[in-house]
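This structure is a prediction, so every number in the text was calculated from the model and none was measured.
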Amino acid sequence: MRRPEAVPGILTADEILATARSIAAQQEPSGAIPWFAPTGGVPGHVDAWNHVEAAMALSIAGLCAESRRAYEWLRANQREDGSWPAKWVLGEVTEPGGESNHAAYIAVGVWHELLLTGDQEFAERMWPAVRRAIEFALGLQTARGEIIWIRHPDGSPDDHALLTGCSSIHQSLRCAVALAERLGEPQPDWELAADQLGHVVAAHPEAFADKSRFSMDWYYPVLGGPLRGPAAYRRIDEGWETFVADGLGCRCVSDQPWVTGAESCELVLALDAMGDTARARALFATIQHLRHEDGSYWTGWQFANRRHFPGDRSTYTAAAVILAADALAGASPAARLFKEIDGRPLGPSEPADPVACGCESLAEALN
């Protein structure tokens with residue numbers, strides 16, 4: 001069994017392993033990983049994105065049997081169109097629509113598992129599910145390049161895209177392209193789709209619904225890879241005072257006195273990916289006030305009322321902590337997942353079709 005690496009001065013390897021075990025303790029017999037186990041009679045729901053993130057964290061900590069059960073559950077529950085329902089509760093589908101970023105994230109998980117274990121047979125077994133999921137997501141891509149966030153149960157797409165979701169899909173597409181090449185089934189169209197999507201995320205805010213009060217819309221264009229270098233630093237610096245509560249962590253939304261562990265650790269990953277290791281480590285140390293004695297993490301802290309809110313210790317928060325710890329420790333074969341994919345740095349891309357997003361006509365007008 002592999003062991004996680006310590007983040008010196010912040011978390012020991014044993015503490016990270018305890019956090020992973022807190023995720024495994026909430027895994028359902030089916031292999032599904034809910035947001036949290038039933039607490040006070042209220043069960044947490046399962047969605048494919050957070051389920052994959054939790055599986056990745058289990059693998060980092062060496063809980064391979066639990067992680068593989070999670071991936072097998074994902075493979076077994078994929079629908080014919082390549083998607084998964086948006087939510088299950090205790091095995092029952094409660095929201096049947098298929099979200100594009102939920103579907104695409106399986107590519108990140110499978111690539112991550114291949115990096116960690118070198119298990120080609122696992123990757124080959126999961127490949128058909130990855131391929132169907134990516135095709136589902138790309139079936140929601142507009143001519144301009146953004147990807148609509150959900151397909152409704154009647155088959156109709158919604159009318160808008162989300163910046164956070166599309167930033168995540170960008171990383172998913174890069175992982176899917178690398179996985180396809182590794183398995184001898186290259187998908188050049190996926191790479192072009194990723195180029196166009198990354199460009200739209202970086203350069204066309206008008207393509208997305210306004211969710212600017214949410215911190216994820218602030219840092220996800222960096223986390224998912226479309227922004228790097230000076231543009232990434234400008235974006236993070238411009239939003240820092242809005243979203244970061246000094247000594248507490250990253251807010252979930254700008255207008256509420258609530259910091260959350262998952263958003264804080266994703267921001268750690270974004271900072272680390274763009275090279276700002278000092279702020280990443282400082283923020284990671286700060287968020288440890290949410291750690292419970294059993295290794296799990298409270299979802300958030302409402303600092304006006306001085307209480308944990310919403311009052312659960314979520315698997316996705318624990319998973320984000322483990323992913324951030326792995327990136328900061330820099331020791332596992334998958335530790336650079338948010339920096340590069342198969343040796344190719346994540347970062348800005350030129351549009352595959354500048355006419356479709358209006359950039360070619362704009363350039364002509366300026367000239």
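- In this structure, Y105 OH and L74 CG are separated by 12.5 Å, a value rounded to the nearest 0.5 Å.
- With rounding to the nearest 0.5 angstrom, the CD atom of E266 is 11.5 Å from the CG atom of L283.
- A centroid separation of 6.0 Å or more is found between the aromatic rings of F36 and Y316.
- In this structure, NE2 in H112 is found 6.0 Å from CG in L337, a value given to the nearest 0.5 Å.
- Under the 30°/60° scheme for interplanar angles, the aromatic rings of W298 and H308 are found to lie parallel.
- Here the side chains of F208 and V200 are in contact, with some heavy-atom distance below 4.5 Å.
- Within the 4.5 Å cutoff, the side chain of R132 has no heavy atoms near those of the V130 side chain.
- In summary, E72 and R75 engage in a salt bridge, as defined by a charged side-chain N under 4.0 Å from a carboxylate O.
- With contacts defined as side-chain heavy-atom distances shorter than 4.5 Å, the pair R174/E191 qualifies.
- K339 has a carboxylate O that lies under 4.0 Å from a charged side-chain N of D272, or vice versa, which qualifies the two as a salt bridge.
- Inspection of the T299 and W35 side chains reveals no N or O donor paired with an N or O acceptor under 3.5 Å.
- Using a 4.0 Å cut-off between a side-chain N of Lys or Arg and a carboxylate O of Asp or Glu, R344 and E340 do not qualify as a salt bridge.
- For H51 and H102, the ring centers sit 6.0 Å or farther from each other.
- In this structure, a donor-acceptor pair under 3.5 Å is absent between the side chains of R251 and Q256.
- A donor and an acceptor atom, one from each side chain of T142 and E146, are located under 3.5 Å apart.
- If you check the side chains of W190 and E135, you find a donor sitting under 3.5 Å from an acceptor.
- Remark: R234 does not engage D237 in a salt bridge, criterion side-chain N to carboxylate O under 4.0 Å.
- With respect to the salt-bridge test (charged N to carboxylate O, under 4.0 angstrom), the residues E99 and R151 do not qualify.
- Using a 3.5 Å distance cut-off with no hydrogens or angles, the side chains of S67 and S59 do pair a donor with an acceptor.
- In summary, the side chains of H292 and D294 do present a donor paired with an acceptor at a separation below 3.5 Å, with no hydrogens or angles considered.
- Side-chain atoms of V222 and R228, non-hydrogen and from C-beta on, do get closer than 4.5 Å to each other.
- In summary, the aromatic rings of W84 and W73 are positioned with their centroids too far apart to meet the 6.0 Å limit.
- Salt-bridge check for K87 with D47: failed, with every basic side-chain N at 4.0 Å or more from each acidic carboxylate O.
- Side chains of D217 and S212: no donor on one and acceptor on the other come within 3.5 Å.
- W218 has its side chain out of reach of T242: every pair of non-hydrogen atoms, C-beta onward, lies at least 4.5 Å apart.
- No side-chain donor-acceptor contact under 3.5 Å links D14 and T12.
- Using a 4.5 Å heavy-atom cutoff, the side chains of S172 and N101 are not in contact.
- For the pair R68 and E113, the minimum side-chain heavy-atom distance is below 4.5 Å.
- Side-chain atoms of Y219 and E263 include no donor-acceptor pair closer than 3.5 Å.
- The distance from atom OG1 of T315 to atom CG of L58, rounded to the nearest 0.5 Å, is 9.0 Å.
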